[in-house]
Amino acid sequence: MALFVAVDFGSTFTKAIAVDAGSGELIARAEHRTTLDTDVMDGWHACRTALLAVDRGVAKAEVLACSSAGGGLRIGVVGNEELVTAEAGRRVALSSGGRVVAVVNGGLTATSLKALRAERPDVVLLLGGTDGGNSAVIENAAAVLAKYEWRRPVVAAGNVEAQAAVGELLAGADVPHVFADNVVPEIGGFAPDSARAAIREMFLAHVIGGKNLSRDPGFARMVRAATPDVVLRGVEVLASLHGDVAVVDIGGATTDVHSVIELDPEDANLGREVVATHPVTRTVEGDLGMRWSAVPVVAAGVEAGLLAEDAALRAAATRRHDDPSYLPGDAVESSYDETLARVAATVALRRHAGRQRVVFGPGGRVIERSGKDLREVDLLVGSGGVLRHNGPEVAARILAGVAVAAQEEGWLVPSNARTCVDSDYVLAGVGLLADLDPAAAKGLAGHIHGTAADGH
């Protein structure tokens, strides 16, 4: 039996699964805390030992990995107008598996470059101008990066007619860079795929080794992409099997939402977005999490009308913030975790999807829509320890809570979707296998509880 081993070097845990090539059968799984204090490969070696105990074929398996260890991929966006190129850049960065740590709009100056440096981005996404449009902003930004000896990698994805000038400036100052197609080739357009691939290239070439996570060169050879980028690719595979899909991943510090849907062209005139909606989207909510971000979850829940003021719940959130390793010791504390998870999932999905409202103007009744309509999502998948470790009934209540009062309030969140949990944590593996062994990727996707590879 030929095997693949898929490994996710996470910020807290390193997870590994052994998968049968071709069929995608899940053979074994293992996890170990991510060993940032020594060498991240120590955690992988512990996982490998556990996998070998189940199947000796692991010894000869091809190993594929993704990583968000050491803070993951930090991206800075430099664009022109905040509502166009900077917003488009933020979306590209998120769909590429990165965390946006800085957005500079209106051009780059010595002062804004200093602020950008302070955020320590691993990659800068440089945008500006539609194709054939204004090239001054992106060329000026390249000149500033060159003048002040920027040394971290740059992905230039603006006006293609400015590439020669931008390339001359960056190359002359030894700034590592690659080019991608324009993210906003025309007003109202959005083309992220080329820039997403270029960011992945820079992540592998410069970021993985630069974080000094391992002295073993095997680490860089294993890693294929940033973990959120791989997970989003896995969601694309799920969507090919089940139709429109959304995934909400509730973590300790953030709650990520991934969605892949077929856009309805008839809805295009309802939106008021200056950057077009894309079928494949990821968002990250840095203030919604089960531990480090538990306190703002309560605040967000009260603001959204999902919670009443509750001193005991606020105290419980503070305990979790102060001790991120905290585990509930009784039913009451478990109920607090469930409440935090329900609010985090609901608010994160609302922010991802946006809402719809009716506006009465001179022309009569008009429906305006912001965000991405997820109401017809066929499958809503939950991920994260709070869902995997607390049983199906708890997970079902958390995911069902997303749709409560949503339609009356205009939120475009899933309203009638089947729900399930990625209990075996296979989505990252699905994404790693998607292009290498599509059949295995689809077979592995069937191991997500409540789904099957044939779509039933």
Side-chain angles (χ1 to χ4, degrees), residues 8-15 31 33-34 36 67-75 90 93-94 97-101 119 226-229 231-232 246-259 281-304 306-307 310 312-328 333-353 380-390 394-395 397-399 401-402 413 421-423 425 427-428:
D8 172 18
F9 292 93
S11 58
T12 306
F13 285 93
T14 295
K15 288 85 64 178
E31 66 178 48
R33 69 174 183 85
T34 297
L36 292 172
S67 176
S68 58
L73 174 60
R74 300 169 60 87
I75 298 180
R90 187 187 68 83
L94 289 169
R99 181 161 60 94
V100 179
V101 296
E119 299 298 335
T227 298
D229 184 15
V231 171
L232 188 55
V247 175
V248 57
D249 184 0
I250 309 168
T254 69
T255 297
D256 295 9
V257 179
H258 310 256
S259 67
T281 310
R282 169 181 172 253
T283 52
V284 177
E285 305 305 334
D287 62 335
L288 303 175
M290 296 297 298
R291 292 299 180 261
W292 292 273
S293 304
V295 173
V297 167
V298 177
V302 172
E303 181 181 359
L306 299 170
L307 297 173
D310 186 335
L313 179 60
R314 288 191 180 272
T318 300
R319 282 195 296 277
R320 286 152 174 77
H321 170 271
D322 294 344
D323 180 12
S325 63
Y326 177 85
L327 294 175
E333 290 293 341
S334 293
S335 72
Y336 290 144
D337 263 8
E338 180 177 336
T339 297
L340 292 171
R342 176 177 57 82
V343 171
T346 301
V347 174
L349 275 159
R350 287 182 176 185
R351 292 177 182 174
H352 183 96
L380 175 61
V381 181
S383 184
V386 67
L387 296 175
R388 288 197 296 271
H389 299 147
N390 284 293
V394 172
R397 288 197 297 268
I398 291 170
L399 296 176
V402 167
V413 297
V421 175
D422 182 11
S423 299
Y425 198 83
L427 263 177

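All values below were derived from every heavy atom in this structure, side-chain atoms included, with hydrogens, water molecules and symmetry-related copies excluded. Owing to the predicted nature of the structure, the values given are computational and were not obtained by experimental measurement.
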Practice prompt. State, to 0.1 Å, how close Ala344 and Leu288 come at their nearest heavy-atom pair, and which atoms those are.
Written response: O-CD1, 3.8 Å
Discussion item. Side chains of Arg291 and Asp337, heavy atoms from C-beta outward: is any pair under 4.5 Å?
Written reply: yes
Worksheet item: Which heavy atom in Ser383 sits nearest to a heavy atom in Arg388, and how many Å separate them?
Response: OG-NH1, 3.5 Å
Discussion item. Could you walk me through whether Leu307 and Arg342 satisfy the side chain to side chain contact (heavy atoms under 4.5 Å, CB included) test, starting with their C-alpha distance in whole Å, then the side-chain angles of each, then the deciding distance to 0.1 Å, before giving a yes or no?
Written reply: CA-CA 10 Å; Leu307 297 173; Arg342 176 177 57 82; 3.8 Å; yes
Worksheet item: Is there a side chain to side chain contact (heavy atoms under 4.5 Å, CB included) between Val248 and Leu399 once you walk through the steps?
Response: CA-CA 9 Å; Val248 57; Leu399 296 176; 3.8 Å; yes
Worksheet item: Within a strict 4.5 Å, meaning less than it, do heavy atoms of the Asp249 and Val231 side chains meet?
Response: no
Worksheet item: If we only count heavy atoms from C-beta on, is the Thr255 to Arg351 side-chain gap below 4.5 Å?
Response: no
Item to complete: Quick one: pull up CG in Asp229 and CG in Leu73 and give me the separation to the nearest 0.5 Å.
Response: 9.0 Å
Practice prompt. Can you measure from CD (Glu338) to CD (Glu333) and round to the nearest 0.5 angstrom?
Written response: 13.5 Å
Worksheet item: So, Thr283 side chain and Leu94 main chain: donor-acceptor pair closer than 3.5 Å or not?
Response: no
Item to complete: Could you tell me whether the side chains of Glu31 and Tyr425 share a donor-acceptor contact shorter than 3.5 Å?
Response: no
Worksheet item: Does any N or O in the side chain of Ser67 come within less than 3.5 Å of the main-chain N or O of Ala69, such that one atom is a donor and the other an acceptor?
Response: yes
Discussion item. Taking Leu427's backbone N and O only, do any of them form a donor-acceptor pair with Asp422's side chain (distance below 3.5 Å, no angle check)?
Written reply: yes
Worksheet entry | Closest heavy-atom pair and its distance - Ala395, Val421 | CB-CG2, 3.5 Å
Worksheet item: Can you tell me how far OG of Ser335 sits from CG of Leu313, rounded to the nearest 0.5 angstrom?
Response: 8.5 Å
Worksheet item: If every non-hydrogen atom of Ser259 is compared with every non-hydrogen atom of His352, which pair is closest and at what distance?
Response: OG-NE2, 2.7 Å
Practice prompt. State, without any angle test, whether Thr227 and Asp8 hold a side-chain donor-acceptor pair at a distance under 3.5 Å.
Written response: yes
Discussion item. Take a 6.0 Å sphere around CD of Glu303 and say whether it holds more than 12 heavy atoms from other residues, nucleotides or ligands.
Written reply: no
Worksheet item: Under 4.0 Å between a Lys/Arg side-chain N and an Asp/Glu carboxylate O for Arg99 and Glu119?
Response: no
Worksheet item: Does Thr254 reach the main-chain N or O of Gly286 with its side chain, forming a donor-acceptor pair under 3.5 Å?
Response: no
Response to the item:
Between Val402 and Val413 the two heavy atoms that sit nearest each other are O-CG2, 3.7 Å
Practice prompt. Could you tell me the separation between the CH2 atom of Trp292 and the CG atom of Asp322, rounded to the nearest 0.5 Å?
Written response: 13.0 Å
Item to complete: Please round to the nearest 0.5 Å and tell me the distance separating atom OG1 of Thr339 and atom CG of Asp310.
Response: 8.5 Å
Worksheet entry | Verdict with reasoning, Leu340 to Arg320, per side chain to side chain contact (heavy atoms under 4.5 Å, CB included) | CA-CA 11 Å; Leu340 292 171; Arg320 286 152 174 77; 3.6 Å; yes
Item to complete: Might you point out which heavy atoms bring Thr346 and Gly401 nearest each other, and give the distance in Å?
Response: OG1-O, 3.6 Å
